2 protein chains.
Amino acid sequence: MEERSMNDERRERGSGPWGKEFRGVEARPRNWLVPVILLSLRDWNSYGYELMERAAKFGFEAINPGTLYRTLRQMEKEGIVKSTWETSKGGPARRMYSITDAGRAYLDFWAKSLEQYQQMMDTFFRMYTGRPMRDEPEDEERGNKERR
Amino acid sequence: MEERSMNDERRERGSGPWGKEFRGVEARPRNWLVPVILLSLRDWNSYGYELMERAAKFGFEAINPGTLYRTLRQMEKEGIVKSTWETSKGGPARRMYSITDAGRAYLDFWAKSLEQYQQMMDTFFRMYTGRPMRDEPEDEERGNKERR
DNA sequence: AGTACATATATGTAGGATGCATATACAATG
DNA sequence: CATTGTATATGCATCCTACATATATGTACT
């Protein structure tokens with residue numbers, strides 16, 4: 001043993017060290033899977049099952065296969081990837097995906113917006129670790145904040 | 001003019017410089033609003049309408065009021081904030097919110113998970129700007145990647 | 001031949017988050 | 001008394017995603 005299949009891994013889901021109180025309380029972006037897939041496909045053509053393993057190296061401990069495959073079909077519908085069946089290799093047929101020009105554009109666009117978003121997070125952390133916001137009163141009329 | 005009310009601002013929504021091709025393609029976090037509210041309330045008690053202005057300084061250009069108020073009620077149901085009506089000031093009654101102990105715990109928990117997530121983004125950027133992943137073949141049997 | 005397992009893709013369903021539209025009400029101002 | 005700003009709230013539709021489940025093929029082993 002020690003070699004573990006994807007089928008095994010996806011059955012486990014850590015609940016974290018805080019108990020079930022905070023299940024689902026994670027900072028995750030929406031639609032994260034799409035850019036991750038595109039980034040993989042930018043350099044190598046690949047298929048669903050393999051992409052699952054790739055994404056695991058990202059921070060997705062165990063992606064849901066259903067979510068992944070559905071996302072891939074959706075991405076193809078949107079024209080940011082395209083696929084062909086590959087039957088030459090042994091085992092079940094694979095749907096090989098490759099990125100399109102639109103996909104590359106999408107990826108670039110997303111990366112740009114990610115920079116913006118990182119600034120938001122920096123702001124958040126500065127406020128979280130540091131003092132409260134420093135531009136407070138600004139208006140005596142509405143000075144109704146209760147200091148705690 | 002020049003002084004603009006929240007009611008005005010929320011009617012505008014920039015579509016960005018890329019046309020409508022990429023509308024909605026942004027790196028946005030899930031559930032971002034909750035920690036932002038909690039962070040605000042950690043230092044100052046406040047109410048919905050004011051929190052809208054606060055959040056605007058974050059990167060939320062114009063939060064949806066509906067979303068905000070609904071989120072606040074939901075947060076109260078979960079016990080991470082609590083509220084009382086304030087009628088002493090002029091104008092319509094305000095529902096003043098304050099953070100609870102559970103809310104502080106939630107915030108801390110979220111901030112921790114945010115660190116983790118930032119690492120994911122760093123990984124993403126390193127891969128995006130740099131070379132493809134460097135630990136590729138690892139298994140000759142499955143060497144079916146097509147270099148592009 | 002038969003059984004178990006890894007590989008591979010896919011759908012049905014349900015719940016949660018969120019955007020947009022809309023409704024309501026109070027107070028100040030002219 | 002009409003308009004604007006302040007303030008809170010609900011209904012509806014849509015998107016995202018987790019979970020469960022279905023199906024099929026190839027390989028290894030007995």
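First the proteins, then the strands, lettered A, B, ... as listed; each starts at 1. Because the structure is a prediction, the values reported are computed rather than measured.
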Could you point out which residue of A/Trp85, A/Tyr47, A/Tyr69 forms a side-chain contact (heavy atoms from CB on, under 4.5 Å) with A/Arg95?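 The option that passes is A/Trp85.
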Earlier contact from the 5' end, DNA chain D, for A/Leu33 and A/Ala93: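 The residue closer to the strand's 5' end, by nearest nucleotide, is A/Leu33.
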Find which nucleotide of DNA chain D each of A/Pro92 and A/Pro29 is nearest to by heavy atoms, and output the residue with the more 5' nucleotide.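 Final value for this comparison: A/Pro29.
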For B/Arg73, report the nucleic acid contact type (base, sugar-phosphate, nothing); a contact means any heavy atom under 4.0 Å.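 B/Arg73: backbone/sugar contact only, no base atoms under 4.0 Å.
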Tell me: [atom1] of [X] to [atom2] of [N], nearest whole Å?
| X | N | atom1 | atom2 | answer |
| --- | --- | --- | --- | --- |
| B/Asn31 | D/dC15 | CG | C1' | 15 Å |
| B/Leu51 | D/dA7 | CG | C1' | 12 Å |
| B/Ile63 | C/dA21 | CD1 | C1' | 18 Å |
| B/Met52 | D/dA7 | CE | P | 10 Å |
| A/Glu76 | C/dA10 | CD | P | 9 Å |
| A/Leu68 | C/dT11 | CG | P | 13 Å |
| B/Arg70 | C/dG19 | CZ | C1' | 9 Å |
| B/Met75 | D/dT8 | CE | P | 14 Å |

Are the side chain of [X] and the backbone N or O of [Y] linked by a donor-acceptor pair below 3.5 Å?
| X | Y | answer |
| --- | --- | --- |
| A/Glu86 | A/Ala93 | no |
| B/Glu26 | A/Trp110 | no |
| B/Arg42 | A/Tyr128 | yes |
| A/Ser113 | B/Ala27 | yes |

Does [X] make a side-chain N or O approach to OP1 or OP2 of [N] shorter than 4.0 Å?
| X | N | answer |
| --- | --- | --- |
| A/Tyr69 | C/dT9 | yes |
| B/Arg30 | D/dT17 | yes |
| A/Tyr47 | C/dA8 | yes |
| A/Asn64 | D/dA18 | no |
| A/Arg94 | D/dT25 | no |

More 5' along DNA chain C: A/Gly91 or A/Thr67, using each one's nearest nucleotide?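 The residue whose closest nucleotide sits nearer the 5' end is A/Gly91.
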Taking for each residue the nucleotide of DNA chain C bearing the nearest heavy atom, is the 5' side occupied by A/Arg95 or by B/Gln74?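 Looking at DNA chain C, the more 5' nearest nucleotide goes with A/Arg95.
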Between C/dA8, C/dC20, C/dT9, spot the one nearest the side chain of A/Trp85, thanks.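 So the nucleotide nearest the side chain must be C/dT9.
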